[in-house]
Amino acid sequence: MVRVGLTTERLVRAGAELADEAGFDEVTVSALARRFDVKVASLYSHVRNSQDLRTRIALLALEELADRASDALAGRAGKDALSALANVYRDYAHEHPGRYAAAQLRLDPETAAASAGVRHAQMTRAILRGYDLAEPDRTHAVRLLGSVFHGYVSLELGGGFSHSAPDTDETWTRVLDALDALLRTWPAA
């Protein structure tokens, strides 16, 4: 067999591409070996197993998302920042559905604490400072935003809104308007 210049980074990127093409659930070391036309054993010097590969793809996706979000949020505040963050998630999910699914992978606490997931939470909390929310309401709001963004995008990607009017872009705009209004008038405990 011809050597193909395998590196861990190359394998992870190829796994991310495979996730986008076939779905994150289809990413295995065996599938990746077929993609490179090499024996499965030749990949084990770069990744321990399929779970290690999937974790590395999740970390890549979290990093890519955090970088995009950071760029999109620069110089923005309030609803403008809220919309920018939301649109980063939605756009990324549409462009990279497999990677987006990977970003939802449950990581062990140590890996999660060292991941770009921490940056996501920090950016969301920074946006919420503009809405003057104190703890524990800020944490509740972080969870609300994550739930709404992920829920909407997941339903949209699954075709859940494709059967009726209005257009999903119009609904998305209204959802963001509603979130902004809710955050500005957060209910007292």
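It should be emphasised that the depicted structure is a prediction, and the values quoted were computed from it without experimental measurement.
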Exercise. Is there side-chain contact between E17 and R35, with heavy atoms separated by less than 4.5 Å?
Worked result: yes
Exercise. Out of curiosity, R56 CZ to L53 CG, how far, rounded to the nearest 0.5 Å?
Worked result: 8.5 Å
Exercise. Quick one: does T124's side chain have a donor or acceptor within less than 3.5 Å of a partner on V142's backbone?
Worked result: no
Exercise. Would L157 end up clustered with V27 when hydrophobic side chains under 4.5 Å apart are linked, directly or stepwise?
Worked result: no
Problem set entry | Nearest heavy atoms of N49 and Y44, plus distance in Å | CA-CE2, 4.0 Å
Exercise. Are L183 and L82 close enough that some pair of their side-chain heavy atoms sits under 4.5 Å apart?
Worked result: yes
Problem set entry | Results of ring pair (Phe, Tyr, Trp, His ring centres under 6.0 Å) for Y100 - residues two or more places apart only | H150
For this session: Check whether any side-chain heavy atom of L59 lies under 4.5 Å from a side-chain heavy atom of L107, and answer yes or no.
Result: yes
Problem set entry | T55 versus D52, side-chain donor and acceptor atoms under 3.5 Å | no
Exercise. Can you name the closest pair of heavy atoms from L85 and A69 and give their distance?
Worked result: CD1-CB, 3.7 Å
Problem set entry | S70 side chain to A66 backbone, donor-acceptor under 3.5 Å | no
For this session: Could you check if a side-chain atom of D71 sits within less than 4.5 angstrom of a side-chain atom of V88, using non-hydrogen atoms only?
Result: no
Exercise. Just wondering, do F24 and L105 contact through their side chains at under 4.5 Å, heavy atoms?
Worked result: yes
Contacts under 3.5 angstrom, residues 158-166 side chains, donor-acceptor by atom type, not counting sequence neighbours:
unit_1	atom_1	unit_2	atom_2	d
S162	OG	G159	O	2.8
H163	ND1	G160	O	3.2

Exercise. For residues 143-171, which residue pairs qualify under salt bridge (Lys or Arg N to Asp or Glu O under 4.0 Å), counting only residues two or more places apart or in two chains?
Worked result: R90-E156, R90-D169
Problem set entry | Point-to-point distance, once rounded to the nearest 0.5 Å, from OG of S115 to CG of D108 | 10.0 Å
Problem set entry | Main-chain N/O of H46 paired with T8 side-chain donor or acceptor, under 3.5 Å | yes
Exercise. What's the verdict on side chain to side chain contact (heavy atoms under 4.5 Å, CB included) for L182 and L144, showing C-alpha distance, side-chain angles and the deciding distance?
Worked result: CA-CA 11 Å; L182 171 65; L144 172 72; 3.4 Å; yes
Problem set entry | Distance in Å, L43 CG paired with R48 CZ, rounded so as to fall on 0.5 Å steps | 14.5 Å
Exercise. Tell me, do I127 and L145 make a side-chain contact under 4.5 Å, heavy atoms counted?
Worked result: no
For this session: If a pair satisfies salt bridge (Lys or Arg N to Asp or Glu O under 4.0 Å) and one of its residues is in residues 96-106, list it, with sequence neighbours excluded.
Result: D20-R99, E64-R99
For this session: Kindly state each residue pair satisfying side-chain hydrogen bond (donor to acceptor under 3.5 Å, both in side chains) with at least one member in residues 177-189, sequence neighbours excluded.
Result: K79-D177, Y131-D180, D137-W186, D180-R184
For this session: Calculate, to the nearest 0.5 Å, the distance between atoms CG and CG belonging to D91 and L65 respectively.
Result: 10.5 Å
For this session: Please name the pair of heavy atoms, one in G15 and one in L32, separated by the smallest distance, quoted to 0.1 Å.
Result: N-CD1, 3.7 Å
Exercise. To the nearest 0.5 Å, how far apart are CG in L62 and CD1 in I57?
Worked result: 12.0 Å
Problem set entry | Over all atoms of both residues, closest heavy-atom pair of A102 and A58 | O-CB, 3.1 Å
Exercise. What do you reckon, is CD of Q104 surrounded by more than 12 foreign heavy atoms closer than 6.0 Å?
Worked result: yes
For this session: Before giving the answer on side chain to side chain contact (heavy atoms under 4.5 Å, CB included), spell out for V175 and L179 the whole-Å C-alpha distance, their side-chain angles and the decisive distance to 0.1 Å.
Result: CA-CA 6 Å; V175 165; L179 285 173; 4.3 Å; yes
For this session: Kindly work out whether a path of hydrophobic side-chain contacts (I/L/V/M/F/W/Y, heavy atoms less than 4.5 Å apart) joins L73 to V118.
Result: no
For this session: Give a yes or no on whether a salt bridge exists between R125 and E135, defined as a side-chain N under 4.0 angstrom from a carboxylate O.
Result: yes
Exercise. Would one find more than 12 heavy atoms of other residues, nucleotides or ligands at under 6.0 Å from atom CG of D80?
Worked result: yes
Exercise. Quick one: do V12 and V40 end up in the same hydrophobic cluster if we chain Ile, Leu, Val, Met, Phe, Trp and Tyr together by side-chain heavy atoms under 4.5 Å apart?
Worked result: yes
Exercise. Which residue pairs satisfy the ring pair (Phe, Tyr, Trp, His ring centres under 6.0 Å) criterion with at least one member in residues 49-95, sequence neighbours excluded?
Worked result: Y89-H120, Y92-H96
Exercise. In Å, rounded to the nearest 0.5 Å, how long is the span from OH of Y152 to OG1 of T168?
Worked result: 4.5 Å
